[in-house]
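Input: a single structure, listed below in structure tokens.
Chain letters run A, B, ... following the sequence lines, proteins first and then strands; every chain starts at 1.
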Amino acid sequence: MAGLGTDWAVAWLRRSAAVVAEHRVELIELDRAIGDGDHGENMDRGYTAILARLDETPPATPGAAFKLAAMTLMSKVGGAAGPLYGTAFLRAATAVGEAGTLDSGLVAAALAAARDGVVARGKAESGDKTMVDAWTPAVDAAAAAAASGAEPSAVLGAAADAAEAGAVATDPLIARKGRASYLAERAIGHRDPGAASSALILRAAADAASDAASGAPSGAAA
Amino acid sequence: MAGLGTDWAVAWLRRSAAVVAEHRVELIELDRAIGDGDHGENMDRGYTAILARLDETPPATPGAAFKLAAMTLMSKVGGAAGPLYGTAFLRAATAVGEAGTLDSGLVAAALAAARDGVVARGKAESGDKTMVDAWTPAVDAAAAAAASGAEPSAVLGAAADAAEAGAVATDPLIARKGRASYLAERAIGHRDPGAASSALILRAAADAASDAASGAPSGAAA
Amino acid sequence: MKKLINDPRAVVDESVDGFGRAHADLVTVHIDPLFITRKQAPKPGKVGLVSGGGSGHEPLHAGYVGFGMLDAAVPGAVFTSPTPDQIIPATVAANSGAGVVHIVKNYTGDVLNFETAAEMAQAEGVDVRTVLVNDDVAVEDSLYTAGRRGVGGTVLVEKIAGAAAERGDDLDAVTAIGRRVNENVRTMGVALSACTVPHAGVPSFELGDDEIEIGIGIHGEPGRHRIPMENADGITDRLLAPILADLSPAPGDKVLLFVNGMGGTPASELYIVYRHAVGVLEAAGLVVERSLVGNYITALEMQGASISVLRLDDEMTALWDAPVHTPALRWGV
Amino acid sequence: MKKLINDPRAVVDESVDGFGRAHADLVTVHIDPLFITRKQAPKPGKVGLVSGGGSGHEPLHAGYVGFGMLDAAVPGAVFTSPTPDQIIPATVAANSGAGVVHIVKNYTGDVLNFETAAEMAQAEGVDVRTVLVNDDVAVEDSLYTAGRRGVGGTVLVEKIAGAAAERGDDLDAVTAIGRRVNENVRTMGVALSACTVPHAGVPSFELGDDEIEIGIGIHGEPGRHRIPMENADGITDRLLAPILADLSPAPGDKVLLFVNGMGGTPASELYIVYRHAVGVLEAAGLVVERSLVGNYITALEMQGASISVLRLDDEMTALWDAPVHTPALRWGV
Ligand SMILES: Nc1ncnc2c1ncn2[C@@H]1O[C@H](COP(=O)(O)OP(=O)(O)O)[C@@H](O)[C@H]1O
Ligand SMILES: Nc1ncnc2c1ncn2[C@@H]1O[C@H](COP(=O)(O)OP(=O)(O)O)[C@@H](O)[C@H]1O
Ligand SMILES: [Mg+2]
Ligand SMILES: [Mg+2]
Ligand SMILES: [Mg+2]
Ligand SMILES: [Mg+2]
């Protein structure tokens with residue numbers, strides 16, 4: 001069973017940057033509907049900065065890659081998403097420690113730690129129409145997959161599937177956290193932008209893992 | 001040959017008020033195209049005030065009616081048109097003096113004095129695309145009609161016809177006075193709002209005179 | 001989108017740069033990370049005041065850096081809260097040893113970023129307190145939301161807490177007066193048009209030709225109710241009703257009335273709103289002791305206004321009247 | 001048309017009423033005829049300063065009534081010059097015996113109405129002089145037009161002449177310094193959008209989504225050239241070029257740079273324009289000694305800006321710096 005190494009972690013971040021750039025306008029539109037229209041711009045600014053830092057100081061371990069992402073997102077994204085994603089990656093880094101490769105269990109643990117970080121910082125519960133609604137199903141699916149002995153790439157695939165479904169499931173909700181909460185009923189029918197970006201990023205993780213598993217060049221954009 | 005009395009002068013002012021109110025938006029539109037869009041509003045405000053003052057202190061002579069109009073337009077219209085029309089009526093009042101009725105010669109003289117007042121105040125020449133381009137042909141036509149022995153109502157009819165033609169003839173001109181002058185070539189193809197209001201007012205004078213001649217109730221609105 | 005800008009992504013940097021040049025006698029602009037400090041070093045021993053938030057609300061916050069108000073301001077991207085790596089050095093710069101008060105508008109992003117920065121500044125030995133501003137009565141049910149937003153009241157908190165710091169109040173006292181202002185101020189806004197965030201390029205929401213948003217925030221986020229256009233007096237009534245219901249002032253109370261323009265509203269219209277608002281407050285038995293009318297906390301070029309009512313006590317009034325010398329607010333000096 | 005107004009015809013009356021209430025410490029509003037005077041009677045023997053013009057340019061002129069600036073302001077209907085029956089009593093009220101200076105923007109309506117009023121005030125024994133402001137370089141060919149319009153420079157004339165009157169200069173001296181300011185200031189404006197006069201109800205001109213008007217006036221009258229949208233630096237270059245060509249300052253000259261918002265432009269954009277303008281002036285060898293950035297002479301809610309450059313001499317600089325205390329401009333007091 002192939003563990004996921006630093007190459008994967010770096011490929012994940014690069015692929016995320018590409019995917020976020022590609023979906024920038026879509027995320028802006030989602031946020032414009034029930035927030036303030038900056039989510040796509042914020043995330044794009046953050047991941048663009050990650051690309052630059054990956055070139056400057058290539059990380060030596062998956063944990064170092066996560067930490068680099070955490071610090072960059074924290075200092076470049078701003079808004080609600082910056083500290084939330086920053087904390088998520090910081091907790092993930094702590095969860096994987098110095099490990100050179102991540103097996104399925106460690107991948108699932110990293111996702112759980114990330115989600116816990118988001119909850120600790122943002123105090124949102126499931127159903128509050130936030131990124132937690134993408135992360136929690138993803139964490140649950142990853143844990144189940146890992147427990148059933150799936151490969152790391154399959155664990156991430158299950159997480160991405162669940163995150164996407166979770167993002168879609170925010171559509172009918174009333175928001176109780178973040179800017180969309182000011183809208184009350186008027187948020188119904190709109191997807192939460194942070195849940196959408198979380199699903200994109202988790203899909204990028206899974207895609208980077210399948211590429212790694214199938215021997216495709218690491219770091220290739222989507 | 002029936003002279004025009006105070007009834008006619010008052011009827012003219014009332015009819016002008018009605019006509020200006022009716023064409024308020026049209027005058028605003030003309031001024032919006034090559035000026036600042038207030039001419040219809042300004043004139044309407046002025047003539048509405050004239051109506052009120054006519055009720056308060058009914059004038060005893062045509063000259064007193066003109067003076068009432070002069071003072072009211074001067075104090076209520078503002079902009080370029082207020083002092084110009086104000087001076088016009090003031091000069092007309094002086095020209096007719098204490099006369100109880102105006103014969104054709106006095107009517108033509110009153111119009112000439114009014115025009116001279118506009119020119120003295122505004123320093124515009126013919127062809128500058130201002131109200132002078134309605135007044136000067138009107139004054140010339142009135143003088144010719146009076147010289148050929150026409151009735152006062154026919155003198156005013158000739159003046160109104162000429163003023164209307166003069167207003168139309170401002171369309172192709174470049175403005176050299178007033179706000180429209182800032183536009184240079186871009187004023188071409190637009191009618192001067194002050195020339196248009198002058199034509200309306202002179203037509204009201206003629207209509208009021210025909211009504212008086214035909215014994216229609218004085219002061220009837222158009 | 002037509003704006004007097006160059007690269008949409010350079011809007012904040014270029015604007016702050018121009019601001020710094022225009023007010024070089026009052027402020028210093030620090031770049032990378034971006035923050036603004038007072039030119040004249042505050043008295044040693046003075047409590048430092050730092051505020052910040054997304055850009056697009058100018059003159060808030062950088063326009064209030066100077067004598068009698070803020071020691072530092074931290075601008076984020078347009079409508080996006082700034083990041084800890086900006087807030088931390090601003091906090092350190094504002095600290096003369098007496099500690100620093102963060103004045104934070106209650107938005108998730110601002111709260112989280114200032115919280116992180118405060119922890120880290122604290123770790124660097126700066127005593128940091130936070131005054132959270134949440135004066136927007138448009139957000140009705142704070143149990144199930146992110147809580148009331150910080151809007152117009154922020155300007156009043158910054159002025160009054162700034163005067164307290166300037167006269168030498170200690171960290172506890174400055175924090176307490178800032179919180180007292182927040183507890184006594186309520187705000188409600190209306191939008192007649194949306195605004196366009198430069199990087200988004202399209203209006204932040206669509207309003208019909210005959211619609212207005214009651215309870216608008218300052219980020220072009222939709223308001224709470226959309227209603228057909230009304231006249232100024234009717235709108236003013238709608239803004240004041242929830243303010244007075246929530247503040248429940250007693251007859252005879254003295255208040256400061258603040259009519260704020262959202263950026264695209266002519267001053268003449270603000271005075272029409274002010275005129276009717278004074279009448280409503282006086283009819284409620286209140287004494288309008290102080291007034292502020294103008295564009296003080298904006299949402300880019302949005303057309304609209306907000307009304308804030310602050311219940312004054314004698315100390316607040318004295319601190320309001322105290323001299324202030326900043327790019328956007330100046331009197332007594 | 002969405003505006004925070006009640007009856008479109010009551011806009012000026014209600015707005016001035018609100019203004020008077022908000023600034024009751026500084027101004028007195030006289031109604032029927034409508035004009036505004038300073039609350040604190042000026043020193044006996046001080047030359048009086050009166051200005052006025054159409055409404056819709058707020059804070060001009062009423063916002064500049066007070067210590068160190070105007071003694072009276074006369075607002076007309078929106079974009080329509082006031083009438084002699086307003087100007088005459090304002091002139092009489094501003095006269096303490098030392099005479100009165102009329103500061104008149106060069107528009108046919110303003111000129112004719114102030115001229116009439118001056119004659120009549122003169123007949124009532126008031127010595128009246130006129131400073132005509134005509135700083136707009138957008139109007140190229142003054143022989144065949146009504147002449148250059150008075151725009152941004154008006155604010156600078158009112159401030160500097162006001163300071164001269166306040167320090168006790170006599171009627172000739174105040175008139176002379178006012179004229180000197182006018183001779184040394186040039187202005188050029190741009191509109192990104194039109195404005196809507198309340199009683200007209202529709203925008204004063206139509207601009208395409210990608211068009212701007214270069215050389216716009218302050219009445220929503222069309223400008224001289226319509227061009228496709230450009231970035232802020234490009235537009236700034238276009239505004240400054242005719243200003244500098246006409247003013248032809250010498251390297252080393254000291255100037256005041258005034259970037260004015262037309263009403264609907266965010267402050268951030270004005271600072272972006274300011275930033276580039278400073279660069280252009282410095283590259284031309286000029287020294288930007290003083291600056292003013294903000295909404296000081298507007299055209300309702302129009303989006304756009306104007307740039308004014310005033311060549312300073314030491315006396316003008318000193319008078320610019322002199323204390324001023326009005327609703328819209330205040331420093332040193
Ligand atoms: N308290 C919270 N807990 C978890 N996620 C949150 C919380 N508040 C906001 N979010 C997430 O942040 C997203 C908005 O991010 P962004 O637009 O970048 O920040 P801002 O709201 O400050 O403009 C929301 O869509 C939501 O998913
Ligand atoms: N110098 C002048 N001489 C004669 N008529 C003039 C002059 N200047 C302007 N006008 C007339 O005044 C009209 C504009 O009046 P109005 O719109 O009420 O005033 P303003 O131009 O001040 O807004 C023009 O259409 C023109 O006929
Ligand atoms: Mg957002
Ligand atoms: Mg006009
Ligand atoms: Mg945001
Ligand atoms: Mg006009």
Side-chain angles (χ1 to χ4, degrees), chain C residues 2-7 11-12 14-19 21-23 55-56 58-59 63 78 190 192-193 195 207 209-210 212 229 231-233 235-236 257 259 263-276 278 288 291 293 295 298 300-301 303-305 325 328 330-333, chain D residues 2-7 11-12 14-19 21-23 55-56 58-59 63 78 190 192-193 207 209-210 212 229 231-233 235-236 257 259 263-276 278 288 291-293 295 298 300-301 303-305 325 328 330-333:
Chain C
K2 281 190 283 187
K3 289 178 179 289
L4 285 169
I5 62 173
N6 297 302
D7 177 358
V11 162
V12 173
E14 292 188 357
S15 165
V16 171
D17 183 42
F19 170 84
R21 285 166 197 263
H23 304 290
S55 292
E58 291 70 24
V78 174
V190 62
L192 273 56
S193 73
C195 54
L207 263 182
D209 278 351
D210 198 41
I212 59 176
M229 182 65 195
N231 70 15
D233 290 355
I235 292 170
T236 303
L257 172 57
V259 176
T265 309
S268 50
E269 297 181 21
L270 300 180
Y271 284 116
I272 290 175
V273 170
Y274 175 85
R275 172 180 179 271
H276 188 65
V278 168
V288 179
S291 297
V293 182
N295 292 339
T298 62
L300 296 170
E301 71 287 342
Q303 278 187 285
H325 187 180
R330 179 169 183 183
W331 55 70
V333 58
Chain D
K2 281 190 283 184
K3 289 177 179 288
L4 286 170
I5 62 172
N6 298 301
D7 177 357
V11 162
V12 173
E14 292 188 357
S15 165
V16 171
D17 183 43
F19 171 84
R21 286 166 198 263
H23 305 289
S55 291
E58 290 71 25
V78 174
V190 62
L192 274 56
S193 72
L207 264 182
D209 277 352
D210 198 41
I212 58 177
M229 183 64 195
N231 72 14
D233 289 356
I235 292 170
T236 302
L257 171 58
V259 176
T265 309
S268 49
E269 297 180 24
L270 300 180
Y271 284 115
I272 289 175
V273 170
Y274 176 85
R275 171 180 180 272
H276 187 66
V278 167
V288 179
S291 297
L292 186 67
V293 183
N295 292 338
T298 61
L300 296 171
E301 70 286 343
Q303 278 187 285
H325 186 179
R330 181 171 180 180
W331 55 72
V333 57

(request) Indicate the atoms forming the closest heavy-atom contact of C:S15 with D:Y271, along with that distance. (result) O-CB, 3.4 Å
(message) Heavy-atom pairs under 4.5 Å with chain C - which of D:A22, D:S291, D:S55 has more of them than the others?
(response) D:A22
(request) Mind ranking D:A267, D:G263, D:P59, D:S268 by heavy-atom pairs under 4.5 Å with chain C and telling me who comes out on top? (result) D:S268
(request) Output the option from D:A232, D:G56, D:A305 having the highest count of non-hydrogen pairs under 4.5 Å with chain C. (result) D:A232
(message) Looking at chain D, which one of C:L300, C:D233, C:V288 has the largest number of heavy-atom pairs inside 4.5 Å, strictly under?
(response) C:D233
(request) Heavy-atom pairs under 4.5 Å with chain D are the metric here; pick the option from C:D7, C:I212, C:L257, C:N231 that has the most. (result) C:N231
(message) Taking the ring of C:Y274 and the ring of D:H23, is the distance between their centroids below 6.0 Å?
(response) no
(request) Please name the pair of heavy atoms, one in D:E301 and one in C:G264, separated by the smallest distance, quoted to 0.1 Å. (result) CB-O, 3.5 Å
(message) Tell me which of these, C:K3, C:R275, C:M229, has more heavy-atom pairs under 4.5 Å with chain D than the rest.
(response) C:R275
(message) If we define contacts as heavy-atom pairs under 4.5 Å, which of D:T298, D:L292, D:D209 has the most with chain C?
(response) D:D209
(message) So, using salt bridge (Lys or Arg N to Asp or Glu O under 4.0 Å) as the criterion, who are the partners of C:R330 when residues are at least two apart?
(response) none
(request) Would you please name every residue forming a side chain to side chain contact (heavy atoms under 4.5 Å, CB included) with D:T265, sequence neighbours left out? (result) C:L4, D:E269, D:L270, D:Q303
(message) Using heavy-atom distances under 4.5 Å, tell me whether D:V273 contacts chain C through its side chain, its backbone, both, or neither.
(response) side chain
(request) Would you name the heavy atoms of C:K2 and D:L192 that are closest together and state the gap between them? (result) NZ-O, 2.8 Å
(message) Given heavy-atom pairs under 4.5 angstrom as the criterion, report whether the side chain, backbone, both or neither of D:V11 touches chain C.
(response) both
(request) Could you check D:H276 against C:N6 for side-chain contact (heavy atoms from CB on, under 4.5 Å), going step by step and ending with a plain yes or no? (result) CA-CA 10 Å; D:H276 187 66; C:N6 297 302; 5.9 Å; no
(request) Specify which of D:H325, D:E14, D:E58 makes the most heavy-atom pairs with chain C at under 4.5 Å. (result) D:E14
